[in-house]
Amino acid sequence: MNYTLLNYRRESERFLIAMWTPKTTFHTYTNDFPVRETELVQLGGGPLGLRAEMVFGADAVLSKVKCDANTVWRMLAAKDWVGLVLPITWQGTYKLDGWEAAPGDVFLLDGRVEFTTSASNRTSIMLAIRRTRLIEALHRIAGSNFFEIDPNHVLLQLHDNQLHHLKSHITRMFSVTKFHRDFTGGLFMPPTHEKDMFSFLGEFLLECVPQKAYKNLLPSRDFKTVSRALQFTRKTRYEDVNLATLCEGAGVGRTTLYQAFEGVYGITPMQFIYKLRLTGAKEWLSDPSDPPQSVKQAALKYGFVSFGRFAKTYRELFGESPSQTLLRAR
């Protein structure tokens, strides 16, 4: 029987009973993962509403994460890591590198290549695992190596029983670790449980490969265009980013650039850039470990010279003034 969206969400509600820890910034969440780069862009209004439950092993990080706002997450993992992403519930569409997810989809991600997800009111599972440790498990089981392929992200096309088996094992990992907390109060995987998890994943992937139950996720033309434009902005001062320079960075004309951003994120290129800058300012203003000295300092860093307009659009997007955000961080 195929999952209907209603049945899938009912099962997901039972699956995701957890103690959620609020995360003040996207960085405080991704800092617990083996990543080289991260970026958040909030597209929809209101509080970010980010919270997570994390489990740490020597060679694995398991996370359940919720985020209320409509956001874009970009992550580039450490090269020796791979990841599984299980979108559980969301509003509207959930996209990974421009690919629209369906209920029950599971993504296998290569740490050598960045990935981008976009969704509103999302709940998902993320499992980061060290590649060399997983390869050892694969060799131990069957003497084969699933990862001797070109770097690509993969959509695992699972049967209902395979998906249920995977989710049951992840649920078990949270259950068996809930009584193992370190001095900070965080959950950790005992070595025996982590070894069992790698053995399970090795068997699970080896079951998928002979059945050709996977599809390489090659980015669409629109997503490639957007990615080239955004890569350009990371090398350029915000004051120098405009439609002409975005077109130059992406190597396309204005019409093509507009169509690409509208197709991938539903807004114009400059609207996206503006919200990227606002989100960057908010992330810094929210950082309790190293907040800016003033709202003006954060505004200038992200290219805002009209402080009145900055405060107005900031409140419209996040539902509070920048001074309120900074006061809470302090």
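Because the structure is predicted, anything quoted here is derived from the model rather than measured.
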Practice prompt. Take Ser289 and Asp287 through the test side-chain hydrogen bond (donor to acceptor under 3.5 Å, both in side chains) and record every step on the way to the result.
Written response: CA-CA 6 Å; Ser289 63; Asp287 185 0; 2.6 Å; yes
Item to complete: Return each pair, listed once, that meets salt bridge (charged side-chain N to carboxylate O under 4.0 Å, His left out) where at least one residue sits in residues 255-281; pairs must be two or more places apart or across chains.
Response: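 Matches after skipping sequence neighbours: none remain.
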Practice prompt. Using the salt bridge (charged side-chain N to carboxylate O under 4.0 Å, His left out) rule, collect all pairs that involve residues 25-51, keeping only residues at least two apart or in two chains.
Written response: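 Pairs touching residues 25-51 that pass the test: Lys23-Asp32, Glu37-Arg74, Glu39-Arg74, Glu39-Arg234, Arg51-Asp68.
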Fill in: Ring centers of His165, Phe200 separated by less than 6.0 Å
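Yes: the rings meet the under 6.0 Å criterion.
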Item to complete: Would you please indicate if the ring centroids of Phe56 and Phe188 are separated by under 6.0 Å?
Response: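 Between Phe56 and Phe188, the centre distance exceeds or equals 6.0 Å.
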Separation between [atom1] of [X] and [atom2] of [Y], rounded to the nearest 0.5 Å:
X      : Y      : atom1 : atom2 : result
Gln157 : Gln162 : CD    : CD    : 10.5 Å
Asp97  : Phe223 : CG    : CZ    : 4.0 Å
Leu109 : Leu155 : CG    : CG    : 10.5 Å
Leu243 : Thr268 : CG    : OG1   : 8.5 Å
Leu108 : Leu84  : CG    : CG    : 5.5 Å
Leu40  : Thr30  : CG    : OG1   : 9.0 Å

Can you confirm whether [X] sits close enough to [Y] that some side-chain heavy atom of one is under 4.5 Å from a side-chain heavy atom of the other?
X      : Y      : answer
Leu217 : Asn152 : no
Leu43  : Ile267 : yes
Leu134 : Leu201 : yes
Lys167 : Leu86  : yes
Leu285 : Pro291 : no
Val41  : Phe272 : yes
Gln42  : Phe318 : yes

Discussion item. Distance alone, cut at 3.5 Å: any donor-acceptor contact between the side chains of Thr245 and Asn242?
Written reply: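 Indeed, the side chains of Thr245 and Asn242 share at least one donor-acceptor pair under 3.5 Å.
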Practice prompt. Would you check if there is a donor-acceptor pair between the side chains of Glu53 and Ser63 at a distance under 3.5 Å?
Written response: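 Ser63 vs Glu53: no donor-acceptor pair found between side chains.
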Worksheet item: Who are the ring-ring contact (aromatic ring centres under 6.0 Å, His included) partners of Phe232, not counting sequence neighbours?
Response: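 Applying ring-ring contact (aromatic ring centres under 6.0 Å, His included) to Phe232 gives none.
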Worksheet item: Got a salt bridge between Lys312 and Glu316, using NZ or NE/NH1/NH2 to carboxylate O under 4.0 Å?
Response: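 Salt bridge flag = yes for Glu316 with Lys312.
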Non-hydrogen atoms of [X] and [Y] that approach each other most closely:
X      : Y      : answer
Glu194 : Ala60  : OE2-N, 3.2 Å
Thr325 : Tyr314 : OG1-OH, 2.8 Å
Ser118 : Val72  : CB-CG2, 4.0 Å
Gln293 : Gln297 : N-OE1, 2.6 Å
Arg133 : Lys195 : NH2-CA, 3.8 Å
Gly111 : Arg131 : N-NH2, 3.9 Å

Worksheet item: Please walk me through it: do Ile273 and Leu246 pass side chain to side chain contact (heavy atoms under 4.5 Å, CB included)?
Response: CA-CA 10 Å; Ile273 297 300; Leu246 284 177; 4.0 Å; yes
Fill in: Derivation of the side-chain hydrogen bond (donor to acceptor under 3.5 Å, both in side chains) call for Ser124 and Tyr94
CA-CA 10 Å; Ser124 57; Tyr94 182 108; 4.8 Å; no
Fill in: Audit row: Ser286, Glu283, side-chain hydrogen bond (donor to acceptor under 3.5 Å, both in side chains) steps and yes/no
CA-CA 5 Å; Ser286 304; Glu283 283 281 293; 5.8 Å; no
Using 30° and 60° as the class boundaries, would you call the ring planes of [X] and [Y] parallel, tilted or perpendicular?
X      : Y      : result
Phe33  : Tyr29  : perpendicular
Phe261 : Tyr265 : tilted
Phe304 : Tyr274 : perpendicular

Fill in: Main-chain N/O of Asp59 paired to Arg130 side chain as donor or acceptor, under 3.5 Å
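No; judged by distance alone, with no hydrogens or angles, the pair does not exist.
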Worksheet item: Does the ring of Trp73 carry Arg122 above it, NZ/CZ under 6.0 angstrom from centre and within 45° of its axis?
Response: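 Judged by the rule (NZ or CZ under 6.0 Å from the ring centre, within 45° of its axis), Arg122 counts as positioned above Trp73.
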